[in-house]
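A, B, ... follow the sequence lines: proteins, then strands. Residue 1 opens every chain. Everything numeric here is computed off the predicted structure, so don't read it as measured data.
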Amino acid sequence: MIEAINDALAVSMERDPNVVVMGEDVGYFGGVFRCTAGLQEKFGKTRVFDTPISECGIIAVAVGMGAYGLRPVPEIQFADYIYPGLDQLISEAARLRYRSAGEYIAPMTVRSPFGGGIFGGQTHSQSPEAIFTHVSGLKTVIPSTPYDAKGLLISAIEDNDPVIFFEPKRIYNGPFSGYYDKPAQPWKKFDASVVPEGYYKIPLGKARLAAEGEQLTILAYGTMVHVVEAVCREKGVEADILDLRTLVPLDIEAIEASVEKTGRCLIVHEATRTSGFGAELSALVTERCFYHLEAPVVRVTGFDTPYPHSLEWAYFPGPVRIGEALDKILSE
Amino acid sequence: MADRPDGAAQQGGNRPKLALHVPEPKFRPGDTVDFSHLQIPEAGKQPRPDETCDPKDMHELAFGLVRVLGEDNKAHGPWDPKLDPDTLRKMLGHMAMTRAFDERMFRGQRQGKTSFYMKCTGEEATSVAASMALAADDMVFPSYRQQGILIQRGYPMIEMINQIYSNKGDKLKGRQLPIMYSSREHSFFTISGNLATQTPQAVGWAMASAIKGDSRIAATWVGEGSTAEGDFHSACTFATVYHAPVILNVINNQWAISSFSGFAGAERTTFAARALGYGLAGLRVDGNDALACFAAEQWAANRARANAGPTLIEFFTYRAEGHSTSDDPSGYRSAQERSEWPLGDPITRLKDHLIAIGEWDEARQEKMDLEAAELVKATTKEAEANGILGHGLHHPFRTMFEDVFEELPWHLKEQSEQAIREREIKFPGGLEL
Ligand SMILES: Cc1ncc(C[n+]2csc(CCOP(=O)(O)OP(=O)(O)O)c2C)c(N)n1
């Protein structure tokens, strides 16, 4: 997925001289996850550069650049560090178009690795997507395969609205079954890792049907898509697995169509439970598909604690928690 | 007390007791004001280094006060920008117009025509004279007290009033608090209510301009109270790191609502001196001296244009009126402060200068003030024809959902339909969609 992201950046920068990449360590070194490797060499220091360790500054400067007419792609090294830049995202980037009645826009794509499962402790493991979906004017995108990562990132960069692009770092190098003691498989073994060369886009606001089945609908994104797939395979459950890909705008049609077909809905995410995006999904499904439902909507999520370093596999919503929820929802 | 194991509190018994310092302004309501502690250097005595000089050689200027207009109302010293009389009269005219505008809009708020207004009385030079030193297409990232820039740049006054009234002529569609203008055409960035956020954005714009090899520079204005925000420090860091062609204007008007400048650190050092730690050029300027304001901004603009780096300018001035229409300063500061302010009034000083050089007289000033008041009054009438705040809903409901995103997503479409459905019940007057 790292190469796919790198490729998307390179393709976008080649096509549009206004695309600039910036962030802590992204320049010469190519980023701590190497997503921007080689870009500075190719596009020069004024289009790919390191920044001070100031998330507020990074986002704010991107707002100013967007107002000028550039398309900045700032990287926040870990999603956990986006908070110092929150005001600039929430009050500024997200509202520029609205408050100026379209005079100024902030066409930026904030890339950031998110999620746990890498022994990152409390400050390298969080999934803060719900904060952004709550803000009017921001789009939130989360890919789960290399193919999607490239196509979605190109769309995000071309989008005239500010986009938060969260990269599930647990699956940077390969999908993950959810078993902490089973090594991840490298991406190259999977079809989804086949990334076409050159330019292609995946539209924002369209979910991907990762698996088809009649028994229930599972809504997931990022790393959890792969965990859910593995659990269903193992348990022999035939589910529609909808990889949401973008949380805002949300593909409500795909969700409705699937839940109306299956009559059951399980929501899985890694973020903490209370006021998480799962609550929004659950409310939407209940409001819109109530008469098709044969069982209550169920959420599987992380716990409402900070991400604990040594106990991260107890926190992680893995096969046990998902399996239990599947049993419950299918027995009703 | 918390935190200490039992008995540990005694261990420090012989050590001196620590004490917290909470800043307190020199004068409170009822106090007799004495500003003799302020060091006001003689006009014309400050050196004017080359625009490309090293910030290290500018320490003195970050602690002093650049002044041009002397007690004799003449221009002195190397900072005299040597403006021709026409330009000076234009400057005076914009400043007088800004004041006339403030007077009328303040009154409009008291008459219930709008919810809120903020004057810049006493600070007109820091926006008008400073923006006259910039090119018309240099990008400005102002705060809420720089209406003088729009007036100086020739932005139609009726647009300003329409915005203040949130009426149907308001091109911001009634979404912004009064005085939070936006004009891309006039290179005037949309104003935020969140303090200091515009400062690093200005740096970003300036960086973009440099990336593109453009020749336009950026300037931003921020109150001294707001320099305590993290955003301001991000702005300074990015400005210095990338040598951005930007000017950071700090308007030290002594008060941040009821908190005096000491709460932003003014007891310890100057705001211009903040520049030194970052390696920025720092200038401290008499903000009530329009010529000094112009000269300093021009110096900084030349510096930025020559790729010689950013500048932080502190304009030392005084907020003569309340913070806004929602504020009553008599509750926290001595009423005498305004009249005792040792740097006088910027409009009076510029007028007296023009008179002293034989280019102006009181009669012409009176006529100009009258004309300004008349023009504002007539424009106000014209704007009122578009409606005032609270009298009718001036913008169709669907506009509320526009511009959140470039395109209307399904959830906003649904909510927009709901708002339109509700309208018959809430507003039976029958409103446009
Ligand atoms: C982030 C933020 N905090 C608080 C406020 C409320 N507020 C509005 S103006 C103001 C005082 C600002 O003082 P200063 O920066 O000195 O500017 P001045 O009003 O004196 O021009 C405050 C606290 C705000 N608008 N934004």
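Using a 4.5 Å cut-off between heavy atoms, B:Glu406 touches chain A through backbone and side chain atoms alike. Only the side chain of B:Met139 comes within contact range of chain A, with at least one heavy atom under 4.5 Å from a heavy atom of that chain. Looking at B:Val241, only its side chain comes within 4.5 Å of chain A, counting heavy atoms on both sides. Proximity to chain A (any heavy atom under 4.5 Å) is shown, for B:Phe189, by both the backbone and the side chain. Contact of A:Gln88 with chain B is made through the side chain alone, with heavy-atom distances under 4.5 Å. In this structure, the portions of A:Asn18 lying under 4.5 Å from any heavy atom of chain B include both its backbone and its side chain. For B:Leu412, no part lies near chain A; criterion is any non-hydrogen pair under 4.5 Å.
Judged purely by atom type and a 3.5 angstrom limit, B:Gln147 uses its side chain to pair as donor or acceptor with the backbone of B:Met118. When atom types are taken as modelled, the side chain of A:Gln126 and the backbone of A:Asp80 share no donor-acceptor pair closer than 3.5 angstrom. B:Asn249 contributes no side-chain N or O that, together with a main-chain N or O of B:Ala219, makes up a donor-acceptor pair within less than 3.5 Å.
The aromatic ring centres of B:Tyr242 and A:Phe49 sit less than 6.0 Å apart.
Between A:Tyr221 and A:His269, the ring-plane angle classifies as tilted under the 30° and 60° cut-offs.
Distance check, rounded to the nearest 0.5 Å: CG of A:Leu244 to CD1 of A:Ile142 gives 8.5 Å. Atom CD in A:Glu256 sits 10.5 Å away from atom CD in A:Glu287 (nearest 0.5 Å). Considering OG1 of B:Thr197 and CD of B:Gln201, their distance stands at 5.0 Å, rounded to 0.5 Å. In this structure, B:Ser183 OG and B:Met160 CE are separated by 10.5 Å, a value rounded to the nearest 0.5 Å. Here the CD atom belonging to A:Gln77 is positioned 5.0 Å from the CD atom belonging to A:Glu24, to the nearest 0.5 angstrom. Separation of atoms CG (A:Leu204) and CG (A:Asp159) is listed at 5.5 Å; rounding is to 0.5 Å.
Put simply, of A:Glu55, A:Lys139, A:Arg95, the one with the most heavy-atom pairs under 4.5 Å next to chain B is A:Lys139. When the candidates A:Ile105, A:Leu138, A:Val20 are compared by the number of heavy-atom contacts under 4.5 Å with chain B, A:Leu138 comes out ahead. Taking A:Gly205, A:Pro162, A:Gly137, A:Gly85 one by one and counting their heavy-atom pairs under 4.5 Å with chain B, the maximum is reached by A:Gly137. Between chain B and the residues A:Ile252, A:Asp87, A:Thr46, A:Ile58, the most heavy-atom pairs under 4.5 angstrom are made by A:Ile252. Of all the listed residues (A:Asn160, A:Ile59, A:Val248), the one sharing the greatest number of non-hydrogen pairs under 4.5 Å with chain B is A:Asn160. Across A:Gly102, A:Ala67, A:Pro17, the residue that shares the most heavy-atom pairs under 4.5 angstrom with chain B is A:Ala67.
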Q: Test B:Gln152 against B:Ser131 for side chain to side chain donor-acceptor pair (under 3.5 Å), laying out the working first.
A: CA-CA 7 Å; B:Gln152 188 273 325; B:Ser131 77; 2.8 Å; yes

(Q) Is there a salt bridge (Lys or Arg N to Asp or Glu O under 4.0 Å) between B:Glu402 and B:Lys173? Walk through the geometry before answering. (A) CA-CA 10 Å; B:Glu402 291 169 357; B:Lys173 304 183 188 172; 3.2 Å; yes

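Within residues 275-285 of chain A, the residues having any heavy atom closer than 4.5 Å to a heavy atom of chain B are A:Leu284, listed by residue number. Among residues 205-217 of chain B, the residues having any heavy atom closer than 4.5 Å to a heavy atom of chain A are, in sequence order, B:Trp205, B:Met207, B:Ala208, B:Ser209, B:Ile211, B:Lys212, B:Asp214, B:Arg216. Residues of residues 221-240 of chain B placed with any heavy atom under 4.5 Å of a heavy atom in chain A are listed by number as B:Asp231, B:Ser234, B:Thr237, B:Phe238.
Other residues, nucleotides and ligands place more than 12 heavy atoms under 6.0 Å from the OH atom of A:Tyr200.
In this structure, B:Asp138 pairs ionically with B:Arg305, as a charged nitrogen and a carboxylate oxygen lie closer than 4.0 Å.
B:Thr190 and B:Ser182 form no side-chain donor-acceptor contact under 3.5 Å, judged by distance and modelled atom types alone.
For A:Arg97 and A:Tyr104, the positive end is not near the middle of the six-membered ring at less than 6.0 Å and at most 45° from its axis. A cation-pi contact, defined as under 6.0 Å to the ring centre and within 45° of the axis, links B:Arg175 to A:Tyr98.
Listed by first and then second residue, the side chain to side chain donor-acceptor pair (under 3.5 Å) pairs that reach into residues 408-420 of chain B are A:Arg288-B:Glu414, B:Gln418-B:Glu422, sequence neighbours excluded.
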